[in-house]
Asks: 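The structure is given below, and queries will be raised subsequently.
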Amino acid sequence: MSSLDSEEKGAEEVTMTMDERKAKLEQLRAKMRSSTKANRASLIEESARAKMTVRDAGRLERQRKLAEVLRTQAEAEDRGEDVERQKNWEWTIEENDNWEKKKARKARRADYEFHDDAHAARRRYKKDLDLIKPDLSAYSRQKEVVLGLMPGSLAKSGSSSSALTAFDPSGGQVVPSAEQRMAAESFYRDANTLLYADNKPTEDAIDRVVGKINRDIDKKGKFSRKRLNEDEGDITYINERNRVFNKKIARYYDKYTSEIRASFERGTAL
């Protein structure tokens with residue numbers, strides 16, 4: 001009797017062990033399916049990201065920013081606030097002035113058509129001015145020498161207008177004399193000044209000018225406007241539409257007018 005009980009208990013233990021194993025196997029299969037699904041999703045996402053160009057990325061970024069702006073406007077309207085006024089609070093007066101100047105400069109330079117040589121030269125001059133980075137520290141040192149000030153006094157004062165009027169008894173400045181005022185007038189020249197060609201630039205300034213000229217020469221040498229149908233011979237059109245029209249006419253009438261055109265070119269036409 002005892003042997004039969006022990007055999008039944010052993011069979012129950014074996015049966016429970018098999019059920020647990022089946023359950024464990026199902027869990028492992030579920031994890032494998034979920035991991036396979038996640039790997040496939042990540043693979044599709046990575047493939048789509050690789051196919052995405054810079055233009056598509058920029059388009060998606062613009063759409064995201066537009067969605068944020070629309071969401072902000074909707075939330076502000078729900079609260080009864082002015083979106084533009086709230087946005088302007090984030091800018092300082094200096095940043096706003098710089099932005100207005102930038103917009104005005106962009107509006108002035110919006111005309112890209114060629115008018116005359118003077119207009120083209122002025123546009124080029126304005127573009128070159130944007131590339132100039134003035135050395136303000138060297139300018140301040142030169143101004144201190146001209147005005148007879150102590151070294152570093154302009155950097156301490158922070159303005160050039162106080163150089164001739166303010167006086168610091170502790171030794172920051174000295175009282176300007178008549179010679180120093182004449183030197184200042186020579187330094188700040190205008191249209192009535194008779195002095196010219198007495199300024200000697202530094203080696204760094206000369207190197208910047210030479211580098212700018214070399215860059216312009218290289219840019220001009222690399223520039224080439226590709227013209228279509230240059231191998232066809234003489235240019236007999238003024239634009240693309242006229243070229244297509246002339247090509248259609250030539251297809252039907254060249255066999256009749258070839259001799260006449262050759263006579264015109266030789267100068268023997270009647």
Side-chain angles (χ1 to χ4, degrees), residues 39-74 83-84 87 98-133 206-270:
N39 291 336
R40 181 174 178 79
S42 62
L43 180 62
I44 294 174
E45 183 180 359
E46 185 178 357
S47 178
R49 193 185 304 113
K51 293 180 181 179
M52 184 183 300
T53 61
V54 179
R55 181 178 299 178
D56 295 335
R59 178 175 55 81
L60 293 177
E61 183 66 20
R62 288 192 298 270
Q63 291 179 356
R64 186 185 63 80
K65 290 182 179 180
L66 179 60
E68 291 181 357
V69 171
L70 295 177
R71 181 177 57 81
T72 304
Q73 291 178 355
V83 181
E84 295 297 330
K87 187 185 298 182
N98 294 333
W99 175 253
E100 294 295 335
K101 291 179 181 178
K102 185 178 180 179
K103 289 177 59 178
R105 183 170 64 251
K106 186 176 181 180
R108 290 195 303 269
R109 299 183 181 182
D111 187 9
Y112 294 100
E113 297 182 358
F114 178 81
H115 298 282
D116 51 17
D117 293 336
H119 183 264
R122 183 178 181 276
R123 285 181 56 84
R124 181 54 184 255
Y125 173 71
K126 291 294 185 180
K127 187 178 293 185
D128 291 340
L129 284 181
D130 294 339
L131 302 176
I132 294 178
K133 305 297 181 182
I206 295 175
D207 292 339
R208 286 198 302 270
V209 173
V210 173
K212 175 64 170 58
I213 294 174
N214 292 333
R215 286 194 300 270
D216 292 342
I217 293 174
D218 294 339
K219 185 177 180 180
K220 186 175 181 181
K222 294 178 182 178
F223 177 77
S224 63
R225 181 179 300 171
K226 182 175 179 57
R227 302 182 185 276
L228 299 176
N229 305 311
E230 288 186 349
D231 299 334
E232 293 184 357
D234 296 335
I235 303 299
T236 59
Y237 52 87
I238 59 176
N239 52 34
E240 183 63 19
R241 185 177 179 182
N242 183 238
R243 184 188 69 82
V244 176
F245 178 78
N246 292 347
K247 192 173 182 180
K248 290 180 180 179
I249 293 295
R251 187 181 304 131
Y252 296 101
Y253 295 101
D254 266 5
K255 57 183 179 181
Y256 303 111
T257 60
S258 58
E259 185 177 353
I260 298 175
R261 287 187 287 104
S263 298
F264 273 113
E265 292 176 1
R266 290 194 305 267
T268 60
L270 297 178

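Small disclaimer: the values here were computed from a predicted structure and weren't measured.
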Asks: Please say which of K248, R261, K247 ends up in a salt bridge (Lys or Arg N to Asp or Glu O under 4.0 Å) with D254.
Replies: R261
Asks: Any non-hydrogen side-chain atom of Q73 less than 4.5 Å from a side-chain atom of V69?
Replies: yes
Asks: Look at E68 together with K65 and state whether they make a salt bridge at an N to O cut-off of under 4.0 Å.
Replies: no
Asks: With a 4.5 Å heavy-atom cut-off, do H119 and D116 have their side chains touching?
Replies: yes
Asks: Nearest 0.5 angstrom please: K127 NZ to R124 CZ, how far?
Replies: 6.5 Å
Asks: Mind checking side chain to side chain contact (heavy atoms under 4.5 Å, CB included) for D218 and listing every partner two or more places apart, or none if nothing turns up?
Replies: none
Asks: side-chain contact (heavy atoms from CB on, under 4.5 Å), that's the test. Do N98 and K102 meet it? Break it down for me.
Replies: CA-CA 6 Å; N98 294 333; K102 185 178 180 179; over 6 Å; no
Asks: Please determine whether the number of non-hydrogen atoms from other residues, nucleotides or ligands lying under 6.0 Å from atom CD of E259 exceeds 12.
Replies: no
Asks: Hey, is CZ on R64 packed in by over 12 heavy atoms from elsewhere, all under 6.0 Å?
Replies: yes
Asks: Considering the options I206, D207, I213, which one meets the side-chain contact (heavy atoms from CB on, under 4.5 Å) requirement together with V209?
Replies: I213
Asks: Would you please name every residue forming a salt bridge (Lys or Arg N to Asp or Glu O under 4.0 Å) with R122, sequence neighbours left out?
Replies: none
Asks: Measure across Y237 and N242 and return the closest heavy-atom pair with its distance rounded to 0.1 Å.
Replies: CA-OD1, 3.0 Å
Asks: Above 12 or not: heavy atoms from other molecules or residues under 6.0 Å from CD of E46?
Replies: no
Asks: Hey, are D216 and K212 close enough for a salt bridge, meaning a charged N less than 4.0 Å from a carboxylate O?
Replies: yes
Asks: Using the test salt bridge (Lys or Arg N to Asp or Glu O under 4.0 Å), find all partners of E45 that sit at least two apart in sequence or belong to another chain.
Replies: R49
